[in-house]
Amino acid sequence: MIDERQRALAGDFVLGLLEAPELGAFEAEMAASPDLAALVTGLQGRFSALDLTAAADPIPEGLWDRVGAAIDGPSRKDSPALDRTSSRKPPRDSRAWLPLAASVVLALGVGFIAGRSSVGPAPAPVVVAVLLDEDATPGAIVEAFANNRVHIVPLENFEVPAGKILEVWTKPNETLGPVSLGRFSSAREIDFAPAALPVPQAGQLYEITLEDAPGSPTGRPTGPILVKGLARLPML
Amino acid sequence: MTFGMQAEIEADASNALLQRAAGGDREAFSQLFRREAGRLLGVARRIVRRPELAEDVVQDAFVAAWRSAAQFDPARGNARAWLITIVRNRALNFLRDRARLDFHEPASLELLDERHGEAMHAFRLLPESDALKECLGRLDDQKREAILLCYVVGMSHAEAASKIKAPLGTVKAWVRRGMLALQECLS
């Protein structure tokens, strides 16, 4: 049974007016309620009549080639999960939360940096990433510096069962693939100084997985992803 | 042949192409692109304004569509509406991200006027036989206007309020009540 509150949210959702955190909550509600999902799809179908009134633009030469190249090429931001040797928990459809992730990164990252820089003349990070969990809730902040130092601030208390460990990963480029930055056994602020890696780039993926202690046996992420996010350049 | 029948036949063809694409048929996906990309560029451009941004949006949307084609369920809607939803989401996300960056840059009145004109024009272009046209037509002018501004050109509540020159809370209430009335009318 769909109530008035859900109908109201469905209307805002179809108009593109819901923002985090209501957006994430409503998406979760839709995932749990086929009736609600059907209501939204139906409404979207009705409203698409307005989109069909848009005049078709000429399709630029090369646009299909770019689509084709992106499909053939290594997954970029559309498929951010690192190359995994096993996956107990497949990542959710990235469409739902990646754009959101980017905006949260932006919103949080800026405030975070601004707050820090007022404290002292600490060196500025090259990139900042806010790692989100499946519900798009920020779970950790990563700051990566030019000298390879990586600073992690957990925002949630990750549960680490006995015999398990938290492992932080990044993927500097396709050739290197996922690289372990370090491990830690409980959610606390921590610094890692991994071996020389390329200077971090905007769009670089960071994630934290839960591995068997003392760490992934393969050198690649094997356990479930707890949080992940793409790096952004801080505006300083 | 009526406009509606024509649209239905085209929609069926796109459904079939998307289902073949879900099975890995690249040629079907290329045909789907040629059929739909032009209009999707138009949909994206209404929201992001600049043609080169609309191209990025449509490119990303087709890559996402290829990767998630298996999730398309023709029983729940047609391929064209599915693609439109993907394009709209990406275009709106882009707009919201940019708004956060450009927070100190006030929206120009001319731009708001232009977007307003485009949104109202879309309503006039709806075929008379379309249920949405009928139901939107039954709403108070202000509610219809607010809904069209948000949907067609992707305005936020605040932008719509600034264009309509009404308090933000009032516009939010118009949109909500208008959308509830529309759902009632369309069901």
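From a predicted model like this one, the values you see are computed outputs, not experimental measurements. Chain A is the first sequence line, chain B the second, and so forth, proteins listed ahead of strands; every chain is numbered from 1.
- The number of heavy-atom neighbours closer than 6.0 Å to CD of B:E52, taken from other residues, nucleotides and ligands shown, is above 12.
- Highest contact tally toward chain B, considering only A:T41, A:D51, A:L9, is held by A:D51 [criterion: heavy-atom pairs under 4.5 Å].
- For the options B:G77, B:G154, B:S30, heavy-atom pairs under 4.5 Å to chain A are most numerous at B:S30.
- Contact of B:T85 with chain A is made through the side chain alone, with heavy-atom distances under 4.5 Å.
- Within the model, atoms OH of B:Y151 and CG of A:L15 stand 8.5 Å from one another, a figure rounded to the nearest 0.5 Å.
- Counting heavy atoms from C-beta on, the side chains of A:L43 and B:M179 come closer than 4.5 Å.
- The two residues A:S48 and B:I84 come nearest to each other via the heavy atoms CB-CD1, 3.9 Å.
- Per-residue counts of heavy-atom pairs under 4.5 Å with chain B were compared for A:V67, A:I59, A:L50; the largest is that of A:L50.
- Side chains of A:W64 and B:Q59 form no contact here, defined as non-hydrogen atoms less than 4.5 Å apart.
- The heavy-atom pair separating B:V63 from A:A70 by the smallest distance is CG2-CB, 3.5 Å.
- Salt bridge present: B:R26 and A:D72 bring a charged side-chain N and a carboxylate O closer than 4.0 Å.
- Taking every heavy atom of both residues into account, B:D130 and A:A49 meet most closely at OD2-CB, 3.2 Å.
- For B:L186, the parts lying under 4.5 angstrom from a heavy atom of chain A are both the backbone and the side chain.
- Taking CG of A:L52 as the start and CG of B:L126 as the end, the distance is 9.0 Å to the nearest 0.5 Å.
- Heavy-atom distances place the side chain of B:V175, and not its backbone, under 4.5 Å from chain A.
- The minimum heavy-atom distance between B:Q183 and A:G11, with the atom names listed, is NE2-N, 3.9 Å.
- Counting heavy-atom pairs closer than 4.5 Å to chain A, the top-ranked of the candidates B:L125, B:L148, B:L132 is B:L132.
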- Test B:R39 against A:T53 for side chain to side chain donor-acceptor pair (under 3.5 Å), laying out the working first. CA-CA 9 Å; B:R39 179 133 51 197; A:T53 65; over 6 Å; no
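- A salt bridge links A:R66 to B:E55: at least one charged side-chain nitrogen sits closer than 4.0 Å to a carboxylate oxygen.
- Considering only heavy-atom pairs separated by less than 4.5 Å from chain B, the leading option among A:P60, A:A10, A:G42, A:P58 is A:P60.
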- Item | Audit row: A:I71, B:F62, side-chain contact (heavy atoms from CB on, under 4.5 Å) steps and yes/no | CA-CA 9 Å; A:I71 289 172; B:F62 270 94; over 6 Å; no
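- Closest heavy-atom contact between B:A131 and A:R46: CB-NH1, 3.5 Å.
- Shown are B:R50, B:R45, B:R46; of these, the salt bridge (charged side-chain N to carboxylate O under 4.0 Å, His left out) with A:D57 is made only by B:R45.
- In terms of non-hydrogen atom pairs under 4.5 Å with chain A, the most contact-rich of B:L92, B:L180, B:L182 is B:L180.
- Between B:R88 and A:V14 the shortest heavy-atom distance is NH2-O, 4.4 Å.
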